[in-house]
Amino acid sequence: MLKVYNTLSREKEEFIPLEKGKVGIYVCGLTVQNYSHLGHIRGAVNYDVIRRYLEYKGYEVRYIQNFTDINEKIFERAREERMTPEELAEKYTQAYLEDIKRLNIKGATHYVKATDNIDEIIKMIEKIIENGYAYEVNGNVYFDVEKYTDYGKLSGRTLEEMQAGARVDIVEEKKNPLDFALWKKAPEGAIDWDSPWGRGWPGWHIECSAMSTKYLGESFDIHGGGSDLVFPHHENEIAQSETCTGKPFAKYWLHNGSVNFKGEKMSKSVGNFFTTRELLEKFTGRELRYYILTFHYRSPIEFSLEEVKNTSAGLRKIDNTLKNLLRLKESKTKEGALKNGKYKVSINEYKKAFEEAMDDDFNTARAIGIIHEFLREINSVINHMDFQLTGENMVVVNEAYEFLNTGMSILGIEKENPVIDERNTEILNDLITFILDVREEARKRKNWEMADMIRDGLNELGIIIKDTPQGVVWERVSE
RNA sequence: GGCGGCAUAGCCAAGUGGUAAGGCAGAGGACUGCAAAUCCUUUAUUCUCCAGUUCGAAUCUGGAUGCCGCCUCCA
C-alpha cells in the first residue's frame, strides 16, 4: 500500500487517486531567469522518481510542470542580458531542459508557461471576483484573505498569527496586508496584457491555479514543489482555486526539502549556490542523482562536494555488480555442471523490501540501502570459487540482474549497457584480447615484471585488468 | 517576534513502541605472484540533554540546548 506524506494533513496517508489507474501531478517549476542550481534539480529528481514509481505501480501519469516566464525578475534580467524577456525566458528554459536531461529526468508530459495562458488566468480572476473573494483597486486585483475562512490551512497558521508576525509592507490600497495580487498593473514600458482591469500582468500565484486546472481538472491528485513554496505560493493557490471552483483543489500536497550549503539555503540571492552546469563538470549526472536520492525527499540536504564524491563509491559498487551479472548472462551455461541448490537467493524478499521502502512515502534512502544489502548477497554468490554457471544458477543471475536493473530504473540511475561499450570496436577487442594473451603467457612463465608492465601500460590507457577466478576481464574506465 | 521541522558512529544517512538498515572512511582476515574486484569479521550496550508515560522508548509526552526552514523573491 502506497503511503504519501500530505502537507495538508501533516500525516502519511494512503494514496488513492481520484480516478482509478490515473494520476495527475502538477509540480511548480522555476522562474526561467537564470541557469538552474542544485536546489531546483533536487526537486526535479525527487518528483521524477515519484513519477517513475507511480508508473512502475501501473498508473498512467500526467505530469505538468510550469515555467514562470513573466515577472519583475525576468524584466530585470532581460535588461542585464540585453535581450527581450521572451528571449531570456526561452534561453533559460532550454538550458533547464538540457540540465534535467543530463540527470536522466524524464521531463513533464506537458510543460506550460504563464504567457501562453493569459486568457485562462483572466477568466479565473473574473470568477473569483464574481464569487466575492477578490476586489479591484487602481488596476490591481487583490485576493481578499479575510473572506476565505480556510486561509492558512496548508501552512498551518491562522490569519491572526500571520498578522502578528507580519513582515509584509503595508500597501494602502489593500484591505488586509496579507491580501495578495491576482492581477498587477504593469510598470511603464513593460510587456503587458489587456484585461478588464486595464493593462497589466498576472500575479505570481494565479498562473499555477489556472494552468493546473486547465491541464488536470478542477481537482487533481498531487501537487508538488519545494518546501519554501508552502507559504505563500501554495497557500494562495489553494485560496484562489477553491474560491473559484468551490471544489477541493489538489488532494495530496508534497514538498521536497531544501538544499543548504554553508549552513544556509542555497539561493541566488545569498549567492551560496552551485549551478547544475558547474556540478556537472565535477560529477556525472548519475552521481549527482544518486547523491540526491540517498536522502529522503523531505529532508533538507546539507550539500557537500566531498560527500558527493564519497557517496559515488557506493554507486560504483552497484555498477560493478551489474557488470559482473551482465558478463555472466552473456556467457554460455555449462551443461551438465553440478546442480547447486545452495545458491538460491531470495530475490523476492529484496524486491518486496524495496517496494515497501518506496511505498513508504518514496523512501529512496532505504530503498538504496536494500539494494546494497542485496549486493552483498549476490556478490558473495557469483564471486564464490565454487560458483558454476549451471542452468539453475543462470536463473539466479537473470533474476538478480532483472531486480537490480528494475530498481535502478525506478531510481533513474540505470545504465544503458554497462558492459558493451560502443567505443569498444571489434579491432580494439581483438587487440586487447591479444595483449592479454601475451600477458597470460608471461604469467605462466612467472615473468611478473612483464605481466605487470602490460597491466600498468593498459591502465594508463584507461583500461583496467582484473584477474578474477573466472579468468581475466577488462573494461574501460567509465566517463 | 510568530509558525513549523530536525538532532542517530569519524563523516553521510534510514528507522514502523519490541531491543539500532545502508553507504563512505578505518582496522583485521580470505582470495591473488602482486594488484584490482569481491567476500568475511570488526567499528553506536545506545540515538543532544533532563524528566515523564509504558512490561518495554531513538520512536510517545513535557522541558532545556543547538541547528535549519517559512513568515520577502524562492525549488
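Here is the naming used below: chain letters follow the sequence lines, and residue numbers restart at 1 for every chain.
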Practice problem: For A:Arg298, answer base if it contacts any base atom (sugar-phosphate contacts may also be present), sugar-phosphate if it contacts only those atoms, and nothing otherwise; contact means non-hydrogen atoms under 4.0 Å. | Solution: nothing

Practice problem: Pick base, sugar-phosphate or nothing for A:Ala313, based on heavy-atom distances below 4.0 Å to the nucleic acid. | Solution: sugar-phosphate

Self-check item: Donor-acceptor side-chain pairing of A:Glu355 and A:Tyr56 below 3.5 angstrom
Solution: yes

Quiz item: Using a cut-off of 4.0 Å on non-hydrogen atoms, how would the nucleic acid contact of A:Lys446 be classed: base, sugar-phosphate, or nothing?
Solution: nothing

Quiz prompt | Sugar-phosphate only, base, or nothing, as touched by A:Arg77 at under 4.0 Å among non-hydrogen atoms | solution = nothing

Quiz item: Across the strands shown, which category fits A:His233 at heavy-atom distances under 4.0 angstrom: base, sugar-phosphate, nothing?
Solution: nothing

Quiz item: Counting any heavy atom closer than 4.0 Å, what does A:Arg42 reach on the DNA or RNA strands: base, sugar-phosphate only, or nothing?
Solution: nothing

Quiz item: Under 4.0 angstrom, heavy atoms only, what part of the nucleic acid is A:Gly43 near: base, sugar-phosphate, or nothing?
Solution: nothing

Exercise. Check every strand shown and say whether A:Asn379 touches a base, only sugar-phosphate, or nothing at a heavy-atom separation below 4.0 Å.
Key: sugar-phosphate

Self-check item: Residue met sooner reading RNA chain B from 5', once A:Glu302 and A:Phe231 are mapped to nucleotides
Solution: A:Glu302

Quiz item: Looking just at side-chain N and O atoms, do A:Gln65 and A:Tyr47 make a donor-acceptor pair shorter than 3.5 Å?
Solution: no

Exercise. Determine the contact category for A:Ser36: base if any of its heavy atoms lies under 4.0 Å from a base atom, sugar-phosphate if only primed atoms, P, OP1 or OP2 are that close, otherwise nothing.
Key: nothing

Self-check item: Under 3.5 Å side-chain donor-acceptor pair for A:Glu146 and A:Asn176
Solution: yes

Practice problem: Scan A:Val259 against the nucleic acid and name what it touches under 4.0 Å (heavy atoms): base, sugar-phosphate only, or nothing. | Solution: base

Quiz item: Checking all strands, does A:Thr294 fall into the base, sugar-phosphate, or nothing category for heavy-atom contacts under 4.0 angstrom?
Solution: sugar-phosphate

Self-check item: A:Lys323 with A:Asp319: basic N within carboxylate O range, under 4.0 Å
Solution: no

Exercise. Assign A:Glu264 to base, sugar-phosphate, or nothing according to its heavy-atom contacts below 4.0 angstrom with the strands shown.
Key: sugar-phosphate

Quiz item: Starting at CZ of A:Phe295 and ending at P of B:G69, how long is that distance when rounded to a whole Å?
Solution: 15 Å

Quiz item: Which of these nucleotides, B:U38, B:A75, B:A36, is closest to any side-chain atom of A:Lys317?
Solution: B:U38

